[in-house]
Amino acid sequence: MLPKIVLLSLLLSTAVHAHDLYKFDQTSSQQKFDYLIKTTRCVVCQNQSLADSNAPLAKDLRDKIYEMVSDQESIESIQAYLTQRYGRFILLKPPFDKATFFLWFFPLIALIIAFGFLFKSFCSAKRLQ
Amino acid sequence: MQKTKLLLTVILLLALFGLLYKALIYSRPNELNSALVGSPVPHFDLPDLLDPQVHLTEQDLKGRVVLLNVWATWCQACQSEHAMLMELKEIYHLPIYSINYKDSPDAALQWLANQGNPYLLTGQDRQGNVGIDLGVYGTPETFIIDAQGNIVYRHVGAINLKNWQDTLYPIIQKLTGRV
């Protein structure tokens, strides 16, 4: 049992420290890079971020982002580069705009409708009394 | 009144189930759409596999409808696709270019020597940079490129007889006007 735990912790530690391989002169660049790799999807493993994934394509994308951050490109332009090539799906958190309006507001709309029904049934229950 | 309410509920539920069923059966979560479709092939410049003095660039793809195939010898599906690509070259006389993606040149040369070379030129993308620029996330991938050098369609996965006849060839026929 123990060797398994040791092995697992070794595996986890390599995954967590993957981003330490990328060195920046400025902390702002480091923060930018960390933010980007945490919010970009590893497209071949779908529900992992680039920071979490050991897939070869994730590594290539990390390298690409590192290069772009080092070139002082903004977060927006890097995200635009990625979505143009891999689609909006590559962003782990969908941006708020016309296409995703319904996605973001649906819970609120559903809640309002539910309250409407609740209110209506309360009223009719009162009338019956 | 009660009856119409019940009917309405049943219809709504059925519609919901229909929607969920459709999403479950027909959605293809592995397929990513590329915004590059409809725009020009990004600039690239790669040495040819057979003759590194010669370079494959996006300019080579212009002038007629061509296929750009991204492949590697380590890719299983590329193996099954290769015979189909040979057929496209020999029967359909289509100009096919390729990018050999993150591969060893020796293995790639061996592969073409053994199984035939369906490609006019093969750019070596050893680091995978051009692959990222094209939005490649799995091999094989094939782009249909029109005479102006715009990406018209991206096919992810191996080309086989079925998707060739159902999807790819009709697009090419439409572009070239051949029947």
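Chain A is the first sequence line, chain B the second, and so forth, proteins listed ahead of strands; every chain is numbered from 1.
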Verdict with supporting geometry, A:Tyr81 and B:Ile132, side-chain contact (heavy atoms from CB on, under 4.5 Å): CA-CA 10 Å; A:Tyr81 174 90; B:Ile132 286 184; 3.7 Å; yes
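- The hydrophobic cluster containing A:Leu91 also contains A:Leu82, counting ILVMFWY residues as joined when their side-chain heavy atoms lie under 4.5 angstrom apart, directly or transitively.
- Distance CG/A:Asp60 to OH/B:Tyr101: 5.0 Å, rounded to 0.5 Å.
- We find the CG-CD distance between A:Asp63 and B:Gln127 to be 9.5 Å, quoted to the nearest 0.5 Å.
- Proximity to chain A involves both the backbone and the side chain of B:Asp133, based on heavy atoms less than 4.5 angstrom apart.
- The parts of A:Leu61 that come within reach of chain B are both its backbone and its side chain, each placing non-hydrogen atoms under 4.5 angstrom from that chain.
- Following chains of ILVMFWY side-chain contacts shorter than 4.5 Å, one can reach B:Leu175 starting from B:Tyr153, so the two form part of one hydrophobic cluster.
- Put simply, CZ on A:Arg85 and CG on B:Leu36 are 5.5 Å apart, with the number rounded to the nearest 0.5 Å.
- B:Tyr21 and B:Leu19 sit in two unconnected hydrophobic clusters of ILVMFWY residues. Membership requires side-chain heavy atoms under 4.5 Å apart, directly or through other members.
- Residues A:Ile112 and A:Ile109 share a single hydrophobic cluster, defined by chaining ILVMFWY side chains whose heavy atoms lie under 4.5 Å apart.
- Residues B:Leu161 and B:Ile96 fall within the same hydrophobic cluster, defined by Ile, Leu, Val, Met, Phe, Trp and Tyr side chains chained together at heavy-atom separations under 4.5 Å.
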